[in-house]
Amino acid sequence: MDVLWLIPLLLVPLLMWSSGTFVFYFKKCFYVGWMMVLALLAIPLCMLKSGGRDVENMRIIRVLVRHVKYFLGLRFDVSGWEHLQTEGPYVIISNHQSSLDVLGLMEILPDRCTMIAKKELVYAGTVGLICWLGGIVFINRKKTSDAKSVMAEAAQTMLDQQIRLWVFPEGTRNQKEDLLPFKKGAFHLAVQAQVPIIPVVFSSYRNFYLRKEKRFNSGTVRLRILPKIETKGMTSDDISSLCDKSFDLMQAAFRERLRLQTHEQRAVEGAEHSPRSRLLFPPTSPSETCLPRPPVPLPAPPPLLSPRFPIAWPCHEISSCLVDAWSGRPLARPVSAVCPDPHCACSSSSTCTTTSSTSTSSSAALQAVSGMTDGRIDACCSSCMTEGSGHHQFLLCFLPF
Ligand SMILES: CCCCCCCCCCCCCCC(=O)SCCNC(=O)CCNC(=O)[C@H](O)C(C)(C)COP(=O)(O)OP(=O)(O)OC[C@H]1O[C@@H](n2cnc3c(N)ncnc32)[C@H](O)[C@@H]1OP(=O)(O)O
Ligand SMILES: CCCCCCCC/C=C\CCCCCCCC(=O)OC[C@@H](O)COP(=O)(O)O
C-alpha cells in the first residue's frame, strides 16, 4: 500500500520516455498551468510596482516568463538585435504560429512595448488579468469598426505615452508552411502614428512542434529581426503597398529559413537511416549576416591548434559537422575558410548554400588554407559566419580518406 504512490511517480518518466503523444500533452499542460501560476505571482508584483494597468508591468512579466523555455526544451536564436535599437515608439509585426510565440516575444520584448490581442484573452484567468495589467490592447476581431477605433486610439496612446506595440498581422495562429495574408490594422496604426514598423520573423516550429501529429520535442526557434520600415510621410493611400512590402520581406525570410530547416531535417533523417551516413549539421548559432569577401588574405591561424587543421573550430562545432550515426564520433574535420565561391559576397545565408561542397575551387582553397591533401571536402555548411576580423567564412567539412 505504501508504495502505491510510487506508481505515478514512475509512470510519468516511463510515459515521457516511450510516448511522444504523452510528452505533447504533458508539455502543453505544463505550459498553460505554469503560465497561470506565473501570472498569479506577477499580479501582486505589478500592483505593487505600478498600482494598476501600466505598460511598465511588461518588465516584470518578461522576467518571469524567460525561464519557461528551459522546461520545454526550447532555445531561441536571435539575429538582428541592432534593428531594435530604435528610439521612441514603433510597431513590431511578427508571424503567429502558436501560444508558444509568447516565449519568443518575451526574449526580445523591448522596454515600453505591449501587444494587440483578441479580447477573448482577457477572460483567460490569471493570464487574462496579467495581460490587462501589462497594458495589452484588446480588440474585437468580429467587429471591424470597433477594432479600428480601438487601434486608432492606440496610435494616439503610442505617441502620448511613448509606447511600442507588437501586432500579429496574420490575425490568428497559423501553422502552415507559409504566412497568411496580413490584416491591415498594424499598418494603419504605424501610418497614423507615423512610426516605423519592425518586422520579426519566427522560424517554423514544424521541426519540434506539430499540433495535429501531437509532437512536442526540443528545438530551436530562430528569431530574425529585420530592418525597420519607415512610414514618415505616408498616408492611408500607402497602406496597401506598405502591407505588401512588409509581407514580402517577412515571407522571404520565413521561406529562406524553412528551406534551410528542410535541408537540416533531411540530413538528420538520413543519419537515422544510415549507420555511416555522412551528414552535415549546420552550426547552431552563426551570425546570419555575411560581409562581402575581403580582398585580403586569410587570417593567420590561431596559435595552439593542430598544425594539420590550422583553423579548426572548437570542439562544439565538430558536432555541427559529419557525425557517425552509431558512435557519435566525428567523421570529418570542420575547417573554416574564406568561401571560395565568387558569388558568396552574400547578404543572406541562402546565397551561401550555393557553394558546392566538392567543387575543385573549394578543395583548392581548403588545401591552401590547411595544407591537407589526403582527403576531400565532403560538404559545406549552409550558414555563413562572420569572424571578428570581419572576414566572411564558411564551415567546411573535411573528410579524411
Ligand atoms: C506571467 C505570465 C504572463 C503571460 C502573459 C502573456 C502575455 C502575452 C500576450 C500575447 C498576446 C498575443 C495575442 C495574439 C492575438 O491575439 S492575435 C489576434 C488579434 N490580433 C489581430 O487581429 C491583429 C490585428 N488585426 C487587425 O489589424 C485587423 O486589421 C482588424 C483591425 C482586426 C480588422 O480586421 P479585418 O476586418 O478582418 O481585416 P482587414 O485588415 O482586411 O480590414 C478591413 C478593412 O478595414 C481597414 N482597416 C483596418 N484597420 C484599420 C484602422 N486601424 N484604421 C482604418 N482602417 C482600418 C482595412 O484597411 C480594410 O479596408 P480596405 O480593404 O483596405 O479598404
Ligand atoms: C479560466 C480560463 C482558462 C483559460 C486557459 C487559457 C490560458 C492560456 C494560458 C497560458 C498560455 C500563455 C500564453 C497566452 C498567450 C496566448 C496568446 C495566443 O496565442 O492567443 C491566440 C490568438 O493570438 C489567436 O487566436 P486564434 O488562433 O484565432 O484562436
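Hydrogens, waters and symmetry mates play no part in the numbers below; they use all other heavy atoms, side chains included. Both counts, for ligands and for their atoms, begin at 1 and track the order of listing.
Under a 4.0 Å criterion applied to the non-hydrogen atoms of Ile139, ligand 1 contributes the atoms 21 (C), 22 (O), 24 (C), 25 (N), 32 (C). The contact set between ligand 1 and Ile61, taken as ligand atoms under 4.0 Å from a residue heavy atom, comprises 3 (C). Those atoms of ligand 1 with a heavy atom of Met151 less than 4.0 angstrom away are 27 (O), 31 (C), 52 (N).
Within a 4.0 Å radius of atom 40 (O) of ligand 1, the protein contributes one or more non-hydrogen atoms. By the definition of a contact as any protein heavy atom under 4.0 Å away, atom 60 (O) of ligand 1 is not in contact.
Checking Gln97 against Asp101 by side-chain atom types alone, no donor-acceptor pair falls below 3.5 Å. Side chains of Tyr209 and Lys28: a donor on one and an acceptor on the other come within 3.5 Å.
Electrostatic pairing of Asp146 and Arg141 does not count as a salt bridge here, judged by no charged N lying under 4.0 Å from a carboxylate O. The pair Glu153-Lys148 does not meet the salt-bridge criterion, since no charged nitrogen lies less than 4.0 angstrom from a carboxylate oxygen.
The closest heavy-atom contact to atom 23 (C) of ligand 1, among the options Phe187, Trp34, Phe168, comes from Phe168.
Of the residues listed (Leu105, Leu72, Val221), the one engaging Leu100 in a side chain to side chain contact (heavy atoms under 4.5 Å, CB included) is Leu72, and it is the only one.
Not a single heavy atom of Phe168 lies less than 4.0 angstrom from ligand 2. The closest approach between Ile136 and ligand 1 falls below 4.0 Å for a heavy atom of the residue. Heavy-atom distances between Ile130 and ligand 1 reach below 4.0 Å in at least one pair. Not a single heavy atom of Ala152 sits closer than 4.0 Å to an atom of ligand 1. For the pair Gln192 and ligand 1, a heavy-atom separation below 4.0 Å is found. The closest approach between a heavy atom of Pro169 and any atom of ligand 1 is not below 4.0 Å.
For Arg173, heavy-atom contacts with ligand 2 shorter than 4.0 Å involve the backbone as well as the side chain. For Glu120, no heavy-atom contact with ligand 2 is shorter than 4.0 Å. Contact annotation: for Thr172 versus ligand 1, there are no heavy atoms closer than 4.0 Å.
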